[in-house]
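Everything below concerns the one structure shown next.
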Amino acid sequence: MRSLTKTMVTMATVAALALAIGPDRAAYAASAKLTQGKTPKRPWMDKRLSPDRRAALVVEQMTLDEKINLVHGLNVWRANPPPRQWLGGAGFVPGISRLGIGDIQMTDGRSGVGRGADRGRYATALPSALALAASWDLNLARDFGAVLGKECRELGFQVSLGGTANLVRDPRNGRNFECFGEDPLFIGKMIAAELKATQHQGVVANINRYALNDQETGRTVYNVVMDRRTMRETDLLAFEIAIKESGVGSVMGAYNRLNGDYCCENRYLLNDVLKKAWAFKGWVMSDWGGTHSTVKAVLAGFDQEMPGDTFLGAALKAAVEKGEVPVARLDDMVHRILRTEFALGVLDEPRALKPVNPFTGAEVAQRVAEGSLVLLKNADGLLPLKAASTASLAVIGSHADAGVLSGGGSDQVDAAGGNAVPGAGAVWHPSSPLKAVRAKASGATVNYDDGMDVAAAAKLASVSAIAIVFVHQHTSEGSDVPNLSLPDKQDELVAAVAAANPRTIVVLETGGPVTMPWIAKVGAVIEAWYPGIRGGEAIANVVFGDVNPSGKLPVTFPRSEADLPETRLPGPPRPSAPGSAKRPTPAPSFDIHYAEGLKVGYKWFDAEAKPPLFPFGFGLSYTTFAYSGLRITRDRNVQVSFQVTNTGRLAGDEVAQVYVSLPPGAGEPPKRLAAWEKIPLRAGETKTVTLMIDPLALSVFNTDKDQWEILPGRYTVFVGGSSRATPLQERVPIGVP
Ligand code: BGC
């Protein structure tokens, strides 16, 4: 069946591409011809020149209209008919054929290349970004980014509208599944690894929604009010690390305002920080419809309006002609786009467009899912199940017979061959956990109940040796969730099943943290996030112990909303309609003062001494680990080394984490993540781990000096397996005798 679906998808894809490839290939072939021989007719096609020189040579030749056309998209949805070569992606900027400069086709690409089903085009549905984050594995982040980049290129796109470095600041944000967690250093390093790998495939990557777009409620109108130290040490730090370490070619300005100015016309964000302090050489595009002015935006450092030309089309041309925008600024905007394309080879290679088989990256998708599943509870070693000795299994709920859930909005990757749950509001990828469980437990009776009738589900659980309940929370761009409870009475379902059979395993498919009122009653809990095209197989592999779980939480799971910095999501002073999951986006602007200040995520729970349900960095394994031998050496950098031993009987991977407390005078939260490494260990094996602390992890942002600094004083280094389990600790004086 799978191979039939596969063949059908591939055939449809080939047919659709055959239509789309024509003019595009011709354009590439034309530019390829120009590069043959040693001295191309167009000097900017000479690859021996630097990207900046090549861009400058093109800019010299461009007319004012050609320049203007490059700094905004062609609103393909309004064009009738749309240009033939448009591949159906989110953005399209026509090239300049006179100069051999190809089109810029953009596609969303956070958990896979998005939106192609209507053209018969599919791509690998990877797990969500938050799932990738839960692997704490930089190698997996690279593999993930490489699949994205490769498929993006093969499908003909030049720009992958990739991941966001915004923090998970409130667990009710509808886009948390697109994020990498709540710690800026962690986010910065993980996303940098991904973006770099994407660009290595010869496409321009993008870092998304700069900055402080940390909730969907009122996203186009709210104004985040935040002091500079707080923003530089929280969300902006994640962007800083990601942008500097990845060399990402494009940045997308967010919808919201920050301290009064929209992000796409915010001088501090664009000119002062991004371009000056971080020396960013690429270009800044708007989020879709996120541009609000012409002269103000462009002079603040904004480079490209997407998806249309309301402000940077005729209006910009007029502003340049009137001298309100210097030609040099327009040239800089164009230069940034072209130099990035030259630097990444986007304009050089005649690209062989290929249909992408949506299962091509399935092996990577499965490895990421397996590395990201977090075992949250495992009472009395209920897991892993032994296939041979499990007589009967009840699999309950969440369409587990059909597939696994994905997140909605622009991150959505179309389900290969169609939604596995036709007619559902959400998209389910065709990777059935039930089938995967049946394949493992061949000797057992495996029954399925859809969970709609709680009593029937509990009855099935009561006559089965083991019950596996799948529960889910669908989240999407465009709205936040009203609270952290599982929707559709699923808490009742779990409670009833666990009451009928204490050997109940709960598998969560959620966008982020949820509350678990039934936690004490169930035997085991696995957080599977949105696990992608091989999610079902990955879950079964963990349940039956073919894979030893090694994921750790990149976000804190609170006990209840009452423990969050804001008991309700900061939003307009208008309550949402009773029973409505969506908050209406109001037209009037409103201010958001995030109450947590520097204490985002686990830092809040530590500082306020609130015990979380599960802390940041937490995750169990089927084996156990011990830490010993902490040594700290300091020359120019601080280096931490220690031993980790696998004290159990199974091989497993441990995510060893290093946290640091700054001197009391620094005014910082109790501790922050400073380094980590995922270490594979055989049963009984000990490894010495040596980690260098990034100076930023020891620094505070001095707003008077407008720079990072390391304060003299006594620091404390903590090492262990989660933010709340750090058996090793040592004090380190820095800058003091
Ligand atoms: C989203 C972006 C996305 C863009 C294009 C916007 O609504 O906020 O993340 O890249 O649409 O699809």
Side-chain angles (χ1 to χ4, degrees), residues 72-78 82 86-93 104-119 121 123 128-130 148 152 155 157-168 173-180 191 194-195 198 203-222 224 235 239 242 248-258 262-264 282-292 303-310 406-414 427 475-480 511 582 585:
H72 65 77
L74 182 81
N75 207 334
V76 275
W77 285 276
R78 295 220 188 109
W86 173 52
L87 293 170
F92 179 75
V93 182
I104 306 178
Q105 308 244 17
M106 304 182 182
T107 178
D108 280 301
R110 284 182 284 288
S111 55
V113 178
R115 292 183 203 158
D118 55 346
R119 297 178 167 234
R121 187 191 72 222
S128 63
L130 198 61
L148 264 174
C152 195
L155 290 169
F157 295 97
Q158 286 76 33
V159 177
S160 163
L161 302 173
T164 179
N166 285 311
L167 267 54
V168 172
N173 172 14
R175 295 187 88 169
N176 281 341
F177 73 97
E178 300 183 37
C179 299
F180 283 76
I191 195 173
E194 184 204 320
L195 297 175
T198 298
V203 296
V204 181
N206 176 271
I207 193 160
N208 226 272
R209 299 188 287 125
Y210 177 67
L212 276 305
N213 179 185
D214 293 339
Q215 66 173 62
E216 288 298 274
T217 305
R219 69 176 183 180
T220 57
V221 292
Y222 62 71
V224 175
D235 292 51
F239 277 97
V248 66
S250 68
V251 169
M252 183 188 292
Y255 284 126
N256 51 287
R257 296 179 204 239
L258 176 60
Y262 282 107
C263 292
C264 292
W283 84 93
V284 181
M285 66 177 75
S286 66
D287 200 339
W288 268 225
T291 314
H292 292 271
D303 303 310
Q304 189 183 51
E305 177 182 3
M306 292 305 295
D309 63 352
T310 313
S406 59
S410 58
D411 187 291
Q412 186 74 64
V413 178
D414 292 320
V427 173
T475 59
S476 175
E477 176 183 347
S479 58
D480 298 312
K582 281 196 171 186
T585 298

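Start at 1 and go down the list; that is how both ligands and their atoms are numbered. The figures that follow rest on heavy atoms only: side chains count, while hydrogens, waters and symmetry mates do not.
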- Subset of ligand 1 atoms that lie under 4.0 Å from at least one heavy atom of S410: 1 (C), 2 (C), 3 (C), 9 (O), 12 (O)
- Item | Min heavy-atom dist Q412 to ligand 1 below 4.0 Å | no
- Smallest heavy-atom separation, V159 atom then I104 atom, equals CG2-CG2, 3.5 Å
- Task: Could you tell me the residue and atom name of the protein heavy atom closest to atom 7 (O) of ligand 1, and the distance to it rounded to 0.1 Å?
- Result: E477 OE2, 2.6 Å
- Of the protein's non-hydrogen atoms, which lies at the shortest distance from atom 9 (O) of ligand 1, and what is that distance? R175 NH2, 2.9 Å
- 4.0 Å heavy-atom contact, M285 with ligand 1: no
- Item | Closest protein heavy atom to atom 8 (O) of ligand 1, given as residue, atom name and distance to 0.1 Å | D287 OD2, 2.6 Å
- Message: Tell me whether D480 contacts the main-chain N or O of G174 through its side chain, where contact means a donor paired with an acceptor under 3.5 Å.
- Response: yes
- Item | Proximity flag M306 to ligand 1, non-hydrogen atoms under 4.0 Å | no
- Residue and atom name of the nearest protein heavy atom (relative to atom 3 (C) of ligand 1), distance in Å to one decimal: D108 OD1, 3.3 Å
- Query: Mind checking whether T107 and L155 have side chains closer than 4.5 Å, heavy atoms only?
  - Reply: no
- Message: Any heavy atom of M106 closer to ligand 1 than 4.0 angstrom?
- Response: no
- Note on the structure: Near R110 (heavy-atom distance under 4.0 Å), the atoms of ligand 1 are 9 (O), 10 (O)
- Indicate the atoms forming the closest heavy-atom contact of R209 with A254, along with that distance. C-CB, 3.7 Å
- Message: I need the contact type for E216 against ligand 1. Using non-hydrogen atoms and a strict under-4.0 Å cut-off, is it side chain, backbone, both or neither?
- Response: neither
- Task: Assign the ring pair Y262 / H292 to parallel, tilted or perpendicular, where the plane angle (0 to 90°) is split at 30° and 60°.
- Result: parallel
- Message: Is E178 close enough to touch ligand 1? Criterion: a residue heavy atom under 4.0 Å from a ligand atom.
- Response: no
- Message: If we check salt bridge (Lys or Arg N to Asp or Glu O under 4.0 Å) with R115, which of these qualifies: D414, D108, D411?
- Response: D108
- Task: List every atom of ligand 1 that sits less than 4.0 Å from any heavy atom of R219, numbering the atoms from 1 in the order shown and giving each element.
- Result: 7 (O), 8 (O)
- Query: Which atoms of ligand 1 have any heavy atom of R115 under 4.0 Å away?
  - Reply: 12 (O)
- A90 heavy atoms within 4.0 Å reach ligand 1 at atoms 5 (C), 12 (O)
- Note on the structure: Going by the 4.0 angstrom heavy-atom rule, the piece of N208 near ligand 1 is side chain
- Query: If you look at every heavy atom in G478 and E216, which pair is closest and at what distance?
  - Reply: N-OE1, 2.7 Å
- Message: Quiz question: by atom type and distance under 3.5 Å, do the side chains of T164 and E178 form a donor-acceptor pair?
- Response: no
- Heavy-atom side-chain proximity of T291 to T310 below 4.5 angstrom: no
- Item | Side chains of Q304 and V93 in contact at under 4.5 Å (non-hydrogen atoms) | yes
